[in-house]
Number of protein chains: 2
Amino acid sequence: MASGMDDRTTRVLRHIVEDYIATAEPVGSRTISKKMGQALSPATIRNIMADLEEAGFLAQPHTSAGRIPTGAGFRYYIDHLLLRQTLARGEMDQLHRAAGEGNGPADELVRQVSRLLSNLARQASVVVVSSPEHQVLRSVSLMRAGVERILLVTVMRGGWVQHRLIEGEPDHTGDELEKISAYLNELAEGRTLPQLRARILAELGKEKARYDRVMGRALAMGARALADAAPGEVFIEGRANILEQPEFAEDVDRLKRILRAFEEKSVIFRLLDRAMESRAIQVSVGLENTVEELPDISVVASGYRQGASSVGSIGLIGPVRMDYSRVIPLVEYAAGLLTTMFEDR
Amino acid sequence: MASGMDDRTTRVLRHIVEDYIATAEPVGSRTISKKMGQALSPATIRNIMADLEEAGFLAQPHTSAGRIPTGAGFRYYIDHLLLRQTLARGEMDQLHRAAGEGNGPADELVRQVSRLLSNLARQASVVVVSSPEHQVLRSVSLMRAGVERILLVTVMRGGWVQHRLIEGEPDHTGDELEKISAYLNELAEGRTLPQLRARILAELGKEKARYDRVMGRALAMGARALADAAPGEVFIEGRANILEQPEFAEDVDRLKRILRAFEEKSVIFRLLDRAMESRAIQVSVGLENTVEELPDISVVASGYRQGASSVGSIGLIGPVRMDYSRVIPLVEYAAGLLTTMFEDR
DNA sequence: ATTAGCACTCTCCTTGCCGGAGTGCTAACT
DNA sequence: AGTTAGCACTCCGGCAAGGAGAGTGCTAAT
């Protein structure tokens, strides 16, 4: 039935959506007639609009206003009508430069790209880093961090760094600690966290662990520090960009709801996790996204990968009225860039 | 002249400020008369109010509205009239618990306390961590982080952790890297960053550095990684709490200005740096704070220390109309708590 | 010095009215 | 049959007028 719409009808829908995206105002039949070169009179457009409304793609705020697209209208537009803009050379360059500046550990890189993405799209940008549980360790190190406090630093392939504090550990001499650290490092390299845990448990069972002090301490500390799974992370950049959207100028409550959602990392996680698995870009319009509190918010997101496994996703959050033709290629490019950057890490 | 106010006048001022803090509405003479037990009639209060207005402590939004305190009015109230509330047992407990949960590295601790402070005060909370330049190193470690990429991790006394990436470093064997790391760690422990830099330069000048490969590499890498001073950090928690303040419900622009300021770390830095040096709590009301864009914002902040040296400050940002009698003790307590926590680190 | 009384001012809310934008329907046109 | 011109209708937004309420400043009496 949706596919049963003829060409003329879909063209009208496209123009309505695009005009609404540009102006944030309800669109009238007159405007569309002009936009289409007066090939059709306003009256005809009105008939078509009535059909589109019946089909659920348009709605009227009140009897004598123009139409605005519904969630379904946007959905159809995105799925069938969207003409992607190509990124400007300059925008790509900027993104590359941002990636280059993120020369610290991985979170710096991701943050930098996210910030620029946010500025280019004039929306808030969100990055989710999935739990490092299934990433491969590159190195670990134990460092003295205080009296009876030792810090376990883990570096993953791709450059993610985490710390975990081990408290109440009896003090070791510097030399001893270095040996313990070296042994643990040897054990860790090339393994994922679950693999390392398993290996530690296996080693602990062996005879030797009971006699070799260095080995024993290393295994005990490793087991303790790695007991809990490391959680994922969420970065939000460019909240301020969202303030420029006219929909938030009038409706303060909506602004509040979305800002509150930003404080709840778990909400953001839920919003983006669909994009994480899939390889293609994901666009959730309004109600479709599973978060009850945000029926009027859209999320455009794409996963990025490290080699074959997905390690997170990057995207934009904003009002449903978003310039998808521009925003979708931007997010896609940013995700691709991250994937590339992680390739040679 | 300010001190020339008699007791009655100041009592009236106090009541006006407190009522305004509670209601966010202009306060009339009738209200104050009732509040003071009808000892004085509204007419008398009006005369006093006129005096206070002349002295610059009160203002009228328009001729026939009540009075609201000016910046100077708040200032006087804070400096001379304020009766601090004592913290509820429960609130102190909560703060302690939050500090206990921040059992990771220092930034976890600080973040946790900041978040709770924000929730208790119903304002946005800000923590500034001053540059670690003058803190004392506890340990450093070099870790493999990729092909020709090495990560230098530094842990300060107090538990602050930083990483710096060294790129284009030729690969070393694990064994070699551990030796280099160990040597650098030995050099670093107990020194501040500038001291370590100086020491590295001194060692580099020595004959031995040219022949001993381990030593040479260690010094070279140390010099490179530590070339730039590490910047300070800013954490903002509880932005959403600020949304509840009624002043922002009406005036969206003000909300936007402050949210935009939150995106600019340098602005926050400027706002809090006064508090960093001083030992006492600092309250900046409106225009007093040096940031042009935020004339109607107050900052309550206090530095926290690590031993004798101040390492940062924690505070609250919100509208000038803030419950100072409650908020000031809260911030003070939180700062004190952080100082205590860092004592045994 | 304080206060009662009163006229005055200003905001805010409601009401009513008008113009504009846009629709839906009908009847005529191709 | 589909398209279009014409027209009555609806609804919003802005504006002005009017009244209630809150609060003030001033004056005169205590």
Side-chain angles (χ1 to χ4, degrees), chain A residues 4-13 15-17 19-20 22-70 73 246-247 249-251, chain B residues 4-13 15-17 19-20 22-70 73 246-247 249-251:
Chain A
M5 288 201 293
D6 65 5
D7 182 57
R8 212 182 51 178
T9 313
T10 59
R11 268 178 52 225
V12 170
L13 179 56
H15 279 105
I16 293 174
V17 174
D19 192 85
Y20 181 67
T23 64
E25 299 283 318
V27 192
S29 53
R30 205 189 167 68
T31 318
I32 297 301
S33 170
K34 270 189 209 152
K35 249 200 180 148
M36 295 174 67
Q38 315 243 348
L40 296 174
S41 77
T44 313
I45 304 287
R46 283 204 284 282
N47 288 327
I48 301 173
M49 280 172 149
D51 294 348
L52 282 167
E53 182 165 0
E54 215 173 339
F57 294 130
L58 297 180
Q60 276 182 298
H62 55 87
T63 10
S64 76
R67 302 316 210 273
I68 58 176
T70 60
E247 25 266 285
E250 299 138 28
D251 193 345
Chain B
M5 289 200 291
D6 65 4
D7 182 57
R8 211 181 51 176
T9 314
T10 58
R11 268 176 54 224
V12 169
L13 179 56
H15 278 105
I16 293 174
V17 174
D19 192 84
Y20 181 67
T23 65
E25 300 283 316
V27 192
S29 54
R30 208 189 164 66
T31 319
I32 297 302
S33 171
K34 269 190 206 151
K35 250 201 179 145
M36 296 175 68
Q38 317 246 355
L40 297 174
S41 79
T44 314
I45 304 286
R46 281 203 285 281
N47 287 327
I48 301 173
M49 279 172 150
D51 295 347
L52 283 167
E53 182 165 359
E54 214 174 339
F57 294 131
L58 297 181
Q60 276 183 300
H62 55 85
T63 9
S64 76
R67 303 311 209 278
I68 59 177
T70 60
E247 25 266 285
E250 298 138 28
D251 193 345

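Chain identifiers are assigned alphabetically (A, B, ...) following the order of the sequence lines, protein sequences preceding nucleic acid strands; residue numbering begins at 1 within each chain.
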Participant: Where along nucleotides 18-30 of chain D does protein come under 4.0 Å, by heavy atom, of base (B) or sugar-phosphate alone (S), with - for untouched nucleotides?
Facilitator: ----BBBB-----

Participant: Taking OP1 and OP2 of D:dT4, is either one under 4.0 Å from a side-chain nitrogen or oxygen of A:T44?
Facilitator: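 Answer is yes, contact under 4.0 Å.
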
Participant: With sequence neighbours left out, write down each residue that passes side chain to side chain donor-acceptor pair (under 3.5 Å) with A:Q60, or none if nothing qualifies.
Facilitator: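 Not a single residue meets the side chain to side chain donor-acceptor pair (under 3.5 Å) criterion with A:Q60.
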
Participant: Rounded to whole angstrom units, what separation is found between the CZ atom of A:R8 and the C1' atom of D:dG2?
Facilitator: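 Atom CZ in A:R8 sits about 8 Å away from atom C1' in D:dG2.
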
Participant: Give me each pair satisfying side chain to side chain donor-acceptor pair (under 3.5 Å) with a member in residues 36-45 of chain B, each pair once, sequence neighbours excluded.
Facilitator: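 For residues 36-45 of chain B, and leaving out neighbouring residues, the side chain to side chain donor-acceptor pair (under 3.5 Å) pairs sorted by first residue read B:S41-B:T44.
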
Participant: Check nucleotides 12-15 of chain C for protein N or O atoms closer than 3.5 Å to its own N or O atoms and list the pairs.
Facilitator:
none

Participant: Using the C1' atoms of five pairs at each end, what's the angle between the two axes of the helix from C:dA1-D:dT30 to C:dC29-D:dG2, to 10 degrees?
Facilitator: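 Between the axes fitted at each end of the helix from C:dA1-D:dT30 to C:dC29-D:dG2 lies an angle of 20°.
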
Participant: Under a 4.5 Å cut-off applied to non-hydrogen side-chain atoms, are A:L13 and A:V17 in contact?
Facilitator: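 Contact flag for A:L13/A:V17 side chains = yes.
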
Participant: Considering only residues two or more places apart or on different chains, which pairs with a residue in residues 42-62 of chain A satisfy salt bridge (Lys or Arg N to Asp or Glu O under 4.0 Å)?
Facilitator: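 For residues 42-62 of chain A: A:E53-A:R67.
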
Participant: Expressed in angstrom and rounded to an integer, what is the separation of A:I45 atom CD1 from C:dG22 atom P?
Facilitator: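 A:I45 atom CD1 is separated from C:dG22 atom P by 14 Å.
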
Participant: Does A:E25 have any side chain to side chain donor-acceptor pair (under 3.5 Å) partners at least two apart in sequence or in another chain, and if so, which?
Facilitator: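 For A:E25 there are no side chain to side chain donor-acceptor pair (under 3.5 Å) partners, ignoring immediate neighbours.
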
Participant: Output all residues satisfying side chain to side chain contact (heavy atoms under 4.5 Å, CB included) with B:A59, sequence neighbours left out; order by chain, then residue number.
Facilitator: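 Expected list: B:T70.
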
Participant: Taking side chain to side chain donor-acceptor pair (under 3.5 Å) as the test, write out the residues that go with A:K35, two or more places apart.
Facilitator: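 With neighbours one apart ignored, the set is A:D19.
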
Participant: I'd like to check the side chain to side chain donor-acceptor pair (under 3.5 Å) partners of B:T63; sequence neighbours left out, ordered by chain and number.
Facilitator: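 Expected list: none.
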
Participant: With the 90 degree cut-off around zero defining syn, does C:dA1 come out syn or anti?
Facilitator: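 Anti conformation for C:dA1.
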
Participant: Side chains of A:I32 and A:M49: does their closest heavy-atom pair fall under 4.5 Å?
Facilitator: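 Of all side-chain heavy-atom pairs linking A:M49 with A:I32, at least one is under 4.5 Å.
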
